[in-house]
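Side chains are part of it too, since the values below use all heavy atoms of this structure and drop only hydrogens, waters and symmetry mates. As the structure is a prediction and not an experimental result, all values here were calculated from the model. Residue numbers run from 1 in the order of the sequence given.
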Amino acid sequence: MSDAMDDRRKGLEEEYFHRKNKEAVEKMREKMRIAAAAKAAGSSSLECPRCDGGLKVNTFEGIEVDVCDKCGGLWLDAGELEQLTKKDSGGWFSGLWNSFNDN
Ligand SMILES: [Zn+2]
């Protein structure tokens, strides 16, 4: 195996991983675009992280929560738990939030 062949192979590998990375990023962007569009339309097409069910957006006291239509799992976006704790001062959620943030 000559060095030129090695370099060529290395180049191909790098090209391969570069392409794979690009594909992954594009897939992620597409997923986020679909999720944002679905959220704007009042329905979420997000898949449940736990099962293959779909997440439906429920609004409770002005806070959107994603509830799985299959396993019933409830998911919060970043900041939503914090919003909940503000509405729940002294309650269970604010206790949970404080326990995360005390450390
Ligand atoms: Zn689920």
Side-chain angles (χ1 to χ4, degrees):
M1 188 80 68
S2 73
D3 284 352
M5 282 281 279
D6 260 8
D7 284 352
R8 172 87 183 120
R9 208 189 55 200
K10 228 175 182 174
L12 283 174
E13 276 172 12
E14 275 167 19
E15 160 73 21
Y16 173 79
F17 285 114
H18 180 73
R19 206 169 56 227
K20 280 280 157 205
N21 270 338
K22 228 177 127 185
E23 278 172 18
V25 167
E26 272 161 19
K27 241 181 210 167
M28 179 91 86
R29 280 205 185 119
E30 176 68 5
K31 239 182 175 171
M32 284 168 77
R33 195 188 61 74
I34 290 169
K39 206 155 192 174
S43 69
S44 176
S45 68
L46 283 174
E47 279 173 27
C48 176
R50 190 185 287 157
C51 71
D52 60 357
L55 299 182
K56 298 268 173 287
V57 177
N58 278 271
T59 306
F60 177 70
E61 294 190 5
I63 295 166
E64 285 183 353
V65 293
D66 301 312
V67 182
C68 176
D69 58 12
K70 200 166 177 183
C71 73
L74 192 153
W75 309 94
L76 295 165
D77 289 343
E80 286 174 350
L81 179 61
E82 197 173 3
Q83 287 181 56
L84 277 173
T85 65
K86 282 175 187 152
K87 290 183 180 287
D88 184 50
S89 177
W92 189 87
F93 274 116
S94 60
L96 177 71
W97 180 252
N98 289 336
S99 80
F100 289 161
N101 288 281
D102 277 352
N103 310 323

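- Here CD of Q83 is found 7.0 Å from NZ of K86. Values are rounded to the nearest 0.5 Å.
- Other residues sharing the hydrophobic cluster of M32, ordered by chain and number and joined by side-chain separations under 4.5 Å: M28.
- Linking ILVMFWY residues whenever their side-chain heavy atoms come closer than 4.5 Å, directly or via other members, leaves L12 and M5 in distinct clusters.
- Pairing each heavy atom of G53 with each of K70, the nearest pair is CA-CB, 3.8 Å.
- Between F93 and T85, the shortest heavy-atom contact is O-CG2, 3.3 Å.
- Through side-chain heavy atoms spaced under 4.5 Å, either directly or across other Ile, Leu, Val, Met, Phe, Trp or Tyr residues, F17 is tied to Y16.
- Applying the side chain to side chain contact (heavy atoms under 4.5 Å, CB included) test to L74 and every residue at least two apart in sequence or in another chain returns V65, V67, L76.
- Not counting sequence neighbours, D88 has no partner by the salt bridge (Lys or Arg N to Asp or Glu O under 4.0 Å) test.
- With sequence neighbours excluded, no residue satisfies side-chain hydrogen bond (donor to acceptor under 3.5 Å, both in side chains) with K87.
- By the side-chain hydrogen bond (donor to acceptor under 3.5 Å, both in side chains) test, N21 pairs with no residue at all, sequence neighbours left out.
- When the side chain to side chain contact (heavy atoms under 4.5 Å, CB included) test is applied to E23, the partners found at least two apart in sequence or on another chain are R19, K20.
- Of the inter-residue distances, the one linking L84 atom CG with S89 atom OG reads 13.0 Å to the nearest 0.5 angstrom.
- The side-chain hydrogen bond (donor to acceptor under 3.5 Å, both in side chains) test applied to E30 returns R33, not counting sequence neighbours.
- Take R50 and apply the side chain to side chain contact (heavy atoms under 4.5 Å, CB included) test, not counting sequence neighbours, and it matches C48, C71, W75.
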